[in-house]
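Notes follow once the structure below has been shown.
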Amino acid sequence: MKKTLLAVVAAIALSAGTAAAKNIIVVSHGQANDPFWSVVKNGVDLVAKHTGATVSYRAPETFDMVAMAALIDAAVNQAPAGLVVSIPDGDALGPAIRRAVKAGIPVISMNSGGDVAQSLGVRLHVGQSEFDAGRIAGQRLASMGGTTALCVNHEVGNVSLDKRCEGFAKGFGKVTVLPTSNDPADVRARVRAALDSNPAIDTILTLGAATAGEPAIAAVQDAGRGGKVKVATFDMSAGFLKAVSEGKAAFAIDQQQFLQGYLPVVFLALHAEYGLIPGGDVPSGPNLVDKSTAAKVVDLSARGIR
Amino acid sequence: MAATSDSADERLQKLSLLARIMKRPELGSVAGLVLVTIFFIVTADPAMFSLAGVINFMTPAAQLGILALGAALLMIGGEFDLSVGSMVAFAGLVFGVTLVVFGLPLILAIPLTFAMAALCGVLNAQIVLRTALPSFIVTLAFLFILRGLTLVGLKWATGGSTQLRGIKQVIEGDWLLPLFSGRAFSGTFQWLADQGWIETFPNGAPRAAGIPVEILWFLALTAIATWVLLRTPWGNWIFAVGGDRNAALNSGVPVRKVKTALFVLTACCAALVAIITVLEAGSTDARRGFQKEFEAIIAAVIGGALLTGGYGSAIGAFFGSIIFGMVMIGLTYTQIDQDWYQVFLGSMLLIAVVFNNAIRKRVTGER
């Protein structure tokens, strides 16, 4: 009993004052077990190695805005050299982010909340502008010869997804939004019905690869229009990339979430050292993955880089 | 034979004050708290124990603690309520809808939310009492039902989104707001900062802007719950109902009333947490309170409540929630990788519970 007590006292005495030098904290809403977010975390881990900064990645275990605000406050209390946040709910996280800015900590946002970032005092946003990504995809599909398109929205009311279709319409031209549920079987059935009822459709854009992209490819085959209808999607899945490399789909849009983990930290590290910071938002995507690059991307996707 | 009238009654066991303190169910949770605190003193950034840091982990501890108090009282009464997490989300939905969709002031919205929660509590109680099914199963069903109703309700209220926003704009200037939201004693803290007694930001504002309202609610409710449990007939009835339902019934304890009241209490605790967090965040979504029912039960168990009922304490749940809050937030103050969070959380809880159990067995003389 006495020995344990002595050991504890010694440990407490030795541990006093263990503050790290260049400390950057990343607080995101992406859970550790989510494959999308583990790519972001890999970006964070790599940049920590490259810059030599001490970087911590923190996230609540479920989509919990209240807990996330508490995590941001905890980060502020440690007086880091910089703070990276994602902002899925500007109202809930606003006060905590403003406190960070008031404390004099440079804050960079990533992945979500690009539209509210400036108003909260955030320096810049690294992410994919959904509208612009849709627009670029639309322009590419139009240049491939598309004239009439469907935009399959599997979660109407999700502002990011709505913006993707709006941008697509801007860049492409004649677009009809097809609302579905996020059940792949439902997507397949509805896309098939839409194709059957309108033979003029030659392009389909979906907003999620596994949820809607792969069922859309299957629906095109069901309707016997394989080769005549081009299918593209936002985000990537192994199945969809395989279809792209086989020529069954046109391309997938990679928002390169690895950069959303990597870039903000390197900006903050340079800012801490030399006061450098980019003058505006940095789009991490879109990067259109087509037949020429699909094979390499599948490989990197297995390693958690893309 | 004349016995000396002022000699002590040899039938009564005399215990020293220390021995009496050691036998209380809360002791294990206090020991667990000391253990967790030492762990973080050794591994975490010292900022965790600054004033702002303590308020930082006490806030989620208080939010969980209000739920844990209800859960502890219900567990002492011999029942479980697995629907509290979903109740938080559902109450948040009801509250948000009354404010944003119907435009009611807080003086109407808050009682309506509590009434809705009480109704759900009565429903739970009625089903458990009439069917004699384990409350575990009945409330588990409501966990799903309420979570589903929350999703459906949110999509109806917002026209398709799973987030209901705009609450801050609607309640600005409402006189009831300071009671359920924000930080109390902010004037005192500003004065302390001006005197240089607490840390400040570069612009002179104190790092700890005040005591968040939920911490005050948590302290008040713990005091009330402890008083009810230990000093009123209701407290005796709760212990009796949880210890042996039939014996309690035969002794004249109104078992049905007690259990119904306890279910209503847990539902209202969930509603209170919902109101406070919705006002703080200015929004509500479909995932609020997710898995909080398990956390509340764990906090109550760490605090000494037995899963079988009839034994436990509100102060124990108080310390159990603080342990939980420290473990939840404390990881961010260390350099431990986030991927280890769940392993870390589970291990700390296991250690706290085992420690609590060992101490309890030792002092109550159990074999």
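Here is how names work: the chains are called A, B, and so on, in the same order as the sequence lines, proteins then strands, and each is numbered from 1.
Proximity to chain B is absent for every atom of Ala69(A), based on heavy atoms less than 4.5 angstrom apart. Contacts of Tyr333(B) with chain A are made by both backbone and side-chain atoms, with heavy-atom separations under 4.5 Å. Heavy atoms closer than 4.5 Å to chain B are found in the backbone of Pro88(A), but not in its side chain. Contact of Arg288(B) with chain A is made through the side chain alone, with heavy-atom distances under 4.5 Å. Heavy atoms of Thr59(B) lying under 4.5 Å from chain A are absent altogether. Neither the backbone nor the side chain of Glu199(B) has a heavy atom closer than 4.5 Å to any heavy atom of chain A. Neither the backbone nor the side chain of Leu345(B) has a heavy atom closer than 4.5 Å to any heavy atom of chain A.
Side-chain contact between Asp285(B) and Met65(A) is present, with heavy atoms from C-beta onward closer than 4.5 Å.
Asn56(B) and Ala70(A) make their closest contact through ND2-O, 3.1 Å (heavy atoms, listed as atom of the first residue, atom of the second, distance). The two atoms that bring Asp91(A) and Gly166(B) nearest to each other are OD2-N, 3.8 Å, heavy atoms only. Between Arg207(B) and Ala103(A), the shortest heavy-atom distance links the atoms NH1-CB, 4.5 Å. The shortest heavy-atom contact between Ala47(B) and Asn77(A) is CB-O, 3.1 Å. In terms of heavy-atom proximity, Gln335(B) sits nearest to Thr54(A) at OE1-CG2, 3.3 Å. Nearest heavy-atom pair, Thr332(B) versus Gln78(A), reported as atom, atom and distance to 0.1 Å: O-NE2, 3.0 Å.
Open room surrounds CZ on Phe185(B); 12 or fewer heavy atoms of other groups in view lie less than 6.0 Å from it.
The candidate from Ser283(B), Ser50(B), Gly289(B), Ala281(B) with the greatest count of non-hydrogen atom pairs under 4.5 Å with chain A is Ala281(B). Comparing Pro95(A), Ala92(A), Gly94(A), Gly90(A) by heavy-atom pairs within less than 4.5 Å of chain B, the highest count is held by Ala92(A). Comparing Gly282(B), Ala52(B), Gly53(B) by how many heavy-atom pairs each has under 4.5 Å with chain A, the most go to Ala52(B). Between chain B and the options Ala74(A), Ala96(A), Gly104(A), the largest number of non-hydrogen pairs under 4.5 Å is found for Ala74(A).
No salt bridge links Arg58(A) with Asp337(B); every basic N to acidic carboxylate O contact stays at or beyond 4.0 Å. A salt bridge between Lys292(B) and Asp64(A) is present, with a side-chain N of the basic residue lying under 4.0 Å from a carboxylate O of the acidic one.
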**Request:** Take Asp339(B) and Lys41(A) through the side-chain contact (heavy atoms from CB on, under 4.5 Å) test and state the conclusion after the steps.
**Result:** CA-CA 10 Å; Asp339(B) 291 342; Lys41(A) 185 159 183 290; 3.2 Å; yes

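For the atom pair CD1 of Ile55(B) and CG of Asp73(A), the computed distance is 10.5 Å after rounding to the nearest 0.5 Å.
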